[in-house]
Every structure is written in C-alpha cells, then in structure tokens.
Amino acid sequence: MPMTPFQQKVYEFIREIPRGKVTTYAAIARAIHCRSAQAIGQALKLNPFAPEVPCHRVIKADLTLGGYSGATTGVKVREKLALLKAEGVEFVDGRLKDSSRVWSGE
DNA sequence: CGAGCCCACAACC
DNA sequence: GGTTGTGGGCTCG
C-alpha cells in the first residue's frame, strides 16, 4: 500500500523521538509545518509501522495519553502506559507525571 | 478539480 | 464534561 508524503513525514518524525521522552500531536504538527493535530492522529491510527514508530510516545497537548491502536481507551491504552513507564516516563491516572519529558523536536 | 467526510486534537464554555 | 472550532488528509464524484 502506498502512503502519502504527509504520513511519511509523521512517521519519520516520531521515529526520531528519543527514548524516555514523549511528544504531543501539536508538537509534531508544528515540526512538519502542519497546523492540524487531527491529521497526525488520522495518520497515526493507521500506523503501518507499529513497533517501528513509537506512537506510544505521542500524547495529547493536554499531557494525557490520548489514544493507541485506534482506541482512546481500553487495554491498548494501558499497554501504552506500560511502555512509557518502562522508558522512565511515569504517568499518573493516565496523565504525564513529569511535563519536562515532553520533546518539542528540539 | 470540487465537495464531503474523517480524525488517537485543541481550545473554549 | 460537553460542545465548538479548526485544519489537513483522504475518498468519492
């Protein structure tokens, strides 16, 4: 399946997210010169690169988890939490514990 | 090329 | 917590 340049940009950017850090849809949108975070989510939910692209490091600007694997809630989201925690990113009640871990793409 | 629909958001109320 | 606004991508025509 062919993917659009936009998706490639999104995936590429996310792929560069350092371990132990997270980024927001808004930050990504800004990084790829886009102004719509929804477009990011639209691309991410498709996520053809499940383990390649650490989509679990992408959270909402509100510092909440957001969604994962096409679900805003459920086991998948809990799994996302566990992955982040394993990287040193602790969440409390589905929220980022340390806001300084937000990666703005440098 | 144009109109409509979709989205894991963001901001405001 | 619910509603509104925004904005781009995608699909269909």
Side-chain angles (χ1 to χ4, degrees):
Chain A
M1 64 157 281
M3 73 174 61
T4 61
F6 178 79
Q7 296 217 319
Q8 291 187 35
K9 281 196 303 183
V10 177
Y11 300 140
E12 184 178 8
F13 183 80
I14 295 172
R15 213 183 291 173
E16 295 182 80
I17 301 177
R19 181 186 173 280
K21 287 210 169 184
V22 291
T23 196
T24 64
Y25 295 97
I28 299 172
R30 217 175 31 196
I32 67 178
H33 310 109
C34 170
R35 286 135 97 264
S36 61
Q38 293 96 325
I40 312 295
Q42 205 176 37
L44 280 194
K45 78 178 209 88
L46 301 170
N47 200 349
F49 301 91
E52 292 184 46
V53 179
C55 37
H56 58 265
R57 289 183 191 155
V58 184
I59 60 174
K60 292 183 54 171
D62 169 58
L63 300 186
T64 46
L65 266 173
Y68 191 57
S69 300
T72 50
T73 180
V75 196
K76 301 289 187 176
V77 182
R78 280 185 270 160
E79 191 175 313
K80 175 176 181 177
L81 213 89
L83 285 166
L84 289 167
K85 187 177 181 181
E87 298 184 355
V89 186
E90 297 181 77
F91 275 69
V92 178
D93 190 56
R95 285 192 73 105
L96 184 62
K97 188 177 182 180
D98 187 355
S99 54
S100 63
R101 293 192 180 279
V102 178
W103 186 63
S104 306
E106 303 180 74

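Just so we're on the same page: letters track the sequence lines, and every chain starts at 1. If you're wondering where the values come from, they're calculated on a predicted model, not measured in any experiment.
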NA contact type, A:Lys60, heavy-atom cut-off 4.0 Å: base, sugar-phosphate, or nothing? sugar-phosphate
Search all heavy atoms of [X] against all heavy atoms of [Y] and return the closest pair with its distance.
| X | Y | answer |
| --- | --- | --- |
| A:Ile59 | A:Thr64 | CB-O, 3.0 Å |
| A:Cys55 | A:Tyr68 | SG-CE1, 3.7 Å |
| A:Ala37 | A:Ala26 | CB-N, 4.2 Å |
| A:Phe13 | A:Gly105 | CZ-CA, 3.9 Å |

Pairing annotation in dot-bracket form, given for DNA chain C with Watson-Crick or G-U pairs under 3.5 Å and | for cross-strand partners: |||||.|||||||
Just the endpoints, please: which first and last nucleotides of DNA chain C, 5' to 3', lie under 4.0 Å from a heavy atom of chain A?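 First and last nucleotides in contact are C:dG5 to C:dC10.
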Between A:Val58 and A:Ile17, is there a side-chain heavy-atom distance shorter than 4.5 Å?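 Yes, side chains in contact.
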Using a 4.0 Å cut-off to any heavy atom of chain A, which nucleotides of DNA chain B are the first and last in contact, reading 5' to 3'? B:dC6 to B:dA10
Closest nucleotide of DNA chain C for A:Leu46 versus for A:Ala39: which of these residues is on the 5' side?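 Comparing both residues, the 5'-ward one is A:Ala39.
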Does [X] use its side chain to pair, donor to acceptor, with the backbone of [Y] at less than 3.5 Å?
| X | Y | result |
| --- | --- | --- |
| A:Lys76 | A:Gly70 | no |
| A:Thr23 | A:Ser104 | no |
| A:Asp98 | A:Ser100 | yes |
| A:Lys60 | A:Gly67 | no |

For A:Glu87, give me all partners under side-chain hydrogen bond (donor to acceptor under 3.5 Å, both in side chains), at least two apart in sequence or on another chain.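 Scan of A:Glu87 (side-chain hydrogen bond (donor to acceptor under 3.5 Å, both in side chains), adjacent residues dropped) gives A:His56, A:Arg57.
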How many angstroms lie between atom CD1 of A:Ile40 and atom CD of A:Gln38, to the nearest 0.5 angstrom?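 Spacing of CD1 (A:Ile40) from CD (A:Gln38) equals 9.5 Å.
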Quick one: pull up CG in A:Leu63 and NZ in A:Lys97 and give me the separation to the nearest 0.5 Å. 14.5 Å
Check each residue of residues 11-38 of chain A for a non-hydrogen atom within less than 4.0 Å of any atom in DNA chain B, then write out the ones that pass by number, or none.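 Under 4.0 Å from DNA chain B: A:Tyr25, A:Ala26, A:Ala37, A:Gln38.
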Non-neighbouring partners of A:Tyr11 that pass ring-ring contact (aromatic ring centres under 6.0 Å, His included), sequence neighbours left out: A:Phe49
